[in-house]
Number of protein chains: 2
Amino acid sequence: MTKIRDSELLERFGDHLKGIRTGKGLSQEEVAYRADIPINQVGRIERGEVNTTVSTLFALAKGLEVPPAQLLSFEPSLSQG
Amino acid sequence: MTKIRDSELLERFGDHLKGIRTGKGLSQEEVAYRADIPINQVGRIERGEVNTTVSTLFALAKGLEVPPAQLLSFEPSLSQG
DNA sequence: AATTATTAACACATATATGTGTTATAAAGC
DNA sequence: GCTTTATAACACATATATGTGTTAATAATT
């Protein structure tokens, strides 16, 4: 128990976000500004350091100009739990 | 600033989750068991009391037997920010 | 090399999610 | 009425996300 964080999932999620961002040619700063969240937070999320929240997901979707659901559209791991 | 939570969004999100769950005829307890999270947490999320995390979203998707992205597929508010 | 742009890393206070246990409602069936 | 099932509500400790500020490292440009 005391799982809570789940590093592998968060790293993959971060990579997915970064892929969307770079695919659009946006900097972390631009995304942070549009999403109205600190640039440091964008970096931490992309690096998989934090397990971000629903409200931040919606903010990021706005900043990245994609539907929120797209942020969760990726393969979470090699083997499903 | 000091927004962080965003009650309206979280209430809508909770309603959306509850809609998926009841639409499948599942109890909170069943979902909690399958998602391996406390039943209390499921309730708090459905009631919009907490701003849950990415890892819990994936757990809930598993418990509800839907793709994670579906959990974010709803209209977040009457007027877009 | 120096400047600029971009990202990472670090520290810290505060808010809050999670996990756990317990108790209260509410509805349904006996 | 009692029991079962389902959900809500409360309390509390702990982990951690967020927000903020600062500094370092890494490109890219000139």
Indicate the atoms forming the closest heavy-atom contact of [X] with [Y], along with that distance.
X        : Y        : answer
Arg5(A)  : Val50(A) : NH2-N, 3.9 Å
Pro68(A) : Ala61(A) : CA-CB, 3.6 Å
Val42(B) : Ala32(B) : CG2-CB, 3.8 Å

- Message: Is the phosphate of dA8(D) approached by Arg47(B) (side-chain N or O, under 4.0 Å from OP1 or OP2)?
- Response: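 Indeed, a polar side-chain atom of Arg47(B) lies that close.
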
Supply the atom-to-atom distance [X] [atom1] to [Y] [atom2], rounded to the nearest 0.5 angstrom.
X        : Y        : atom1 : atom2 : answer
Leu60(B) : Glu46(B) : CG    : CD    : 8.5 Å
Arg21(A) : Leu64(A) : CZ    : CG    : 8.5 Å
Ile37(B) : Gln28(B) : CD1   : CD    : 10.0 Å
Arg34(B) : Asp36(B) : CZ    : CG    : 13.5 Å

- If you find the nucleotide of DNA chain D closest to Lys18(B) and the one closest to Leu10(A), which residue's nucleotide is nearer the 5' end?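 The residue mapped nearer the 5' terminus is Lys18(B).
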
Could you state the atom-to-atom distance from [atom1] of [X] to [atom2] of [N] in whole Å?
X        : N       : atom1 : atom2 : value
Glu49(A) : dT16(D) : CD    : P     : 13 Å
Asp6(B)  : dA17(C) : CG    : C1'   : 16 Å
Ile37(B) : dT20(C) : CD1   : P     : 12 Å
Ile39(B) : dT22(C) : CD1   : C1'   : 14 Å
Asn51(B) : dA17(C) : CG    : P     : 6 Å
Leu17(A) : dT7(C)  : CG    : P     : 13 Å

- Salt bridge flag under 4.0 Å for residues Glu11(A) and Arg47(A):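 Between Arg47(A) and Glu11(A) there is no salt bridge, as every charged N stays at least 4.0 Å from the carboxylate O atoms.
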
- Message: Tell me if a side-chain donor or acceptor on Ser27(B) pairs with a main-chain N or O of Glu30(B) at a distance below 3.5 Å.
- Response: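 Yes, because the side chain of Ser27(B) sits within donor-acceptor range (under 3.5 Å) of the backbone of Glu30(B).
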
- Item | Any donor-acceptor N/O pair, Asn51(B) side chain to Ser55(A) backbone, under 3.5 Å |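 Side chain of Asn51(B) to backbone of Ser55(A), a donor-acceptor pair under 3.5 Å: yes, one is there.
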
Give every pair of a protein N or O atom and an N or O atom of nucleotides 21-30 of chain D that lie under 3.5 Å apart, one pair per line with the distance.
unit_1	atom_1	unit_2	atom_2	d
dG21(D)	O6	Asn40(A)	ND2	2.3

Side chain of [X] (C-beta onward), nearest among [options]:
X        : options                  : result
Pro38(B) : dA17(D), dT20(C), dT7(D) : dT20(C)
Thr52(B) : dA9(D), dA17(C), dA9(C)  : dA17(C)
Val50(A) : dA17(D), dT7(D), dT7(C)  : dA17(D)

- Message: Can you list, in residue-number order, the parts of residues 21-30 of chain B that come under 4.0 Å of DNA chain D, counting heavy atoms only?
- Response: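 Only Arg21(B), Ser27(B), Gln28(B), Glu29(B) qualify.
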
Are there any protein N/O atoms within less than 3.5 Å of an N/O atom in nucleotides 24-30 of chain C, and if so, which ones and at what distance?
none

- Measure up the His16(A) and Phe74(A) rings against each other and bin them: parallel (under 30°), tilted (30 to 60°), perpendicular (over 60°).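 Rings of His16(A) and Phe74(A): parallel, as their planes differ by under 30°.
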
